[in-house]
Amino acid sequence: MELYHQHLLIKAFVKNPPTQETVLNYWLESLVADIKMKVVVPARSKYVDAVGNRGLTGAVNIETSHIAVHIWDEPVPAHIEMDVYSCSKFDIQTVFNKLCDFGLVKYHFMLIDRNGDTFKVVKQSDGFIS
């Protein structure tokens, strides 16, 4: 297996954020399958009910690293911060397509190549969904 060390950071805004732990867990594990990875520690999430920080936080460990997501469901549109890190190559468009499940409105992302001794930003962009 060739190592890639891709780290995708996403800030997204959605119309229909998940609010149930079981929904986010299922979504995370289906994302793992969509990017052709393997779950090694099942998805787990928790709803946080703190003022100003209300929403789900969750993660899934994959054979090649992890996927983590934090969702603030109070703002309109809701706000998602997410990272997908893997030492195996994956298609970043598949991740954006999966975010459409939540009514993706817009997003910002940065893809970092973590190979070698330094980090290198290889792509960053903004996207708007009509």
Side-chain angles (χ1 to χ4, degrees):
M1 175 176 82
E2 186 176 353
L3 299 182
Y4 287 93
H5 298 285
Q6 291 186 128
H7 197 161
L8 176 62
L9 304 173
I10 300 170
K11 178 186 294 282
F13 300 89
V14 300
K15 293 185 243 179
N16 304 306
T19 56
Q20 296 178 319
E21 295 163 11
T22 55
V23 171
L24 182 58
N25 291 343
Y26 177 82
W27 185 85
L28 283 166
E29 291 196 10
S30 64
L31 173 59
V32 172
D34 290 352
I35 62 172
K36 299 176 179 31
M37 300 289 170
K38 181 180 175 187
V39 172
V40 293
V41 176
R44 61 221 180 270
S45 61
K46 182 69 178 162
Y47 193 87
V48 176
D49 198 13
V51 175
N53 198 36
R54 196 178 94 177
L56 285 168
T57 187
V60 61
N61 292 94
I62 57 178
E63 189 172 57
T64 55
S65 198
H66 72 274
I67 300 172
V69 63
H70 305 279
I71 302 166
W72 290 264
D73 60 18
E74 291 178 302
V76 177
H79 176 192
I80 295 177
E81 294 280 346
M82 180 175 175
D83 76 90
V84 181
Y85 176 64
S86 177
C87 58
S88 185
K89 193 170 188 176
F90 62 90
D91 177 25
I92 66 171
Q93 186 59 51
T94 301
V95 180
F96 299 124
N97 293 347
K98 192 70 173 169
L99 282 166
C100 288
D101 291 353
F102 303 138
L104 183 62
V105 175
K106 66 180 178 177
Y107 60 88
H108 313 283
F109 79 92
M110 179 182 297
L111 181 62
I112 301 169
D113 178 350
R114 293 176 56 170
N115 283 305
D117 295 334
T118 61
F119 294 163
K120 178 182 175 187
V121 175
V122 292
K123 191 171 190 181
Q124 61 183 6
S125 186
D126 299 323
F128 296 91
I129 309 301
S130 54

Practice task
State, without any angle test, whether Q93 and N97 hold a side-chain donor-acceptor pair at a distance under 3.5 Å.
Solution key: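 Short answer, yes.
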
Practice task
Any chance you could measure W72, atom CH2, to T57, atom OG1, to the nearest 0.5 Å?
Solution key: 7.5 Å

Handout entry: Separation between NE2 of H5 and CD1 of I112, rounded to the nearest 0.5 Å
Key =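 One gets 14.0 Å once the value is rounded to the nearest 0.5 Å.
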
Exercise for the section: Can you see which heavy atom on S45 is nearest to which on L24, and at what distance? Expected result: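 For S45 versus L24, the nearest heavy atoms are CB-CD2, 3.8 Å.
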
Handout entry: A43 backbone acceptor or donor facing E29 side chain under 3.5 Å
Key = yes

Exercise for the section: List the steps and the verdict of side chain to side chain contact (heavy atoms under 4.5 Å, CB included) for M82 and F109. Expected result: CA-CA 9 Å; M82 180 175 175; F109 79 92; over 6 Å; no

Handout entry: Minimal non-hydrogen separation, F96 against I10, with atom names
Key =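 Where F96 meets I10 most closely, the heavy atoms are CE2-CD1, 3.8 Å.
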
Handout entry: Reported CD-to-CG distance for the pair E81 and L9, which is rounded to 0.5 angstrom
Key = 9.0 Å

Exercise for the section: Evaluate the side chain to side chain contact (heavy atoms under 4.5 Å, CB included) criterion for residues K15 and F102: first the C-alpha distance (whole Å), next the side-chain angles of each, then the deciding distance (0.1 Å), finally the verdict. Expected result: CA-CA 6 Å; K15 293 185 243 179; F102 303 138; over 6 Å; no

Handout entry: Heavy atoms from other residues, nucleotides or ligands near CD of E74 exceed 12 (cutoff 6.0 Å)
Key =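 More than 12 heavy atoms, drawn from other residues, nucleotides or ligands, come within 6.0 Å of this atom.
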
Exercise for the section: Please check if V69 and Y47 belong to a single hydrophobic cluster, counting links between Ile, Leu, Val, Met, Phe, Trp and Tyr side chain heavy atoms closer than 4.5 Å. Expected result: yes

Practice task
State, to 0.1 Å, how close E21 and K46 come at their nearest heavy-atom pair, and which atoms those are.
Solution key: OE2-CA, 3.5 Å

Practice task
Let me see the working for Q6 and V84 under side chain to side chain contact (heavy atoms under 4.5 Å, CB included), right down to the final yes or no.
Solution key: CA-CA 8 Å; Q6 291 186 128; V84 181; over 6 Å; no

Practice task
Using modelled atom types only, decide if a donor and an acceptor are shared between the side chain of E63 and the backbone of M37 within a distance under 3.5 Å.
Solution key: no

Practice task
Identify, with sequence neighbours excluded, every residue that meets salt bridge (Lys or Arg N to Asp or Glu O under 4.0 Å) alongside R54.
Solution key: D73

Practice task
Would you give the length of the straight line joining atom NZ of K11 to atom CE of M110, rounded to the nearest 0.5 angstrom?
Solution key: 11.0 Å

Handout entry: Contact summary for I62 and S86, nearest pair of heavy atoms
Key =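 Closest approach of I62 to S86: CD1-CB, 4.3 Å.
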
Practice task
Using the six-membered ring wherever Trp is involved, compare the ring planes of H7 and Y85 and label them parallel, tilted or perpendicular (cut-offs 30° and 60°).
Solution key: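 H7 and Y85: tilted rings.
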
Practice task
Using side chain to side chain contact (heavy atoms under 4.5 Å, CB included) as the criterion, list what pairs up with K98, not counting sequence neighbours.
Solution key: W27, S30, L31, D34, D101

Practice task
Hey, could you give me the CG/CG distance between L8 and L111, rounded to the nearest 0.5 Å?
Solution key: 6.0 Å

Exercise for the section: Taking all heavy atoms of D91 and all of I35, pick out the closest pair and write down the distance. Expected result: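 Nearest heavy atoms, D91 then I35: O-CG2, 4.3 Å.
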
Problem - Heavy-atom closest contact (P17 atom, A78 atom, distance) - result: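 So the two residues come closest at CG-CB, 3.5 Å.
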
Handout entry: Same apolar cluster (I L V M F W Y, side chains within < 4.5 Å links), V14/I71
Key =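 Yes, it is one cluster - the side chains of V14 and I71 are joined through contacts under 4.5 Å.
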
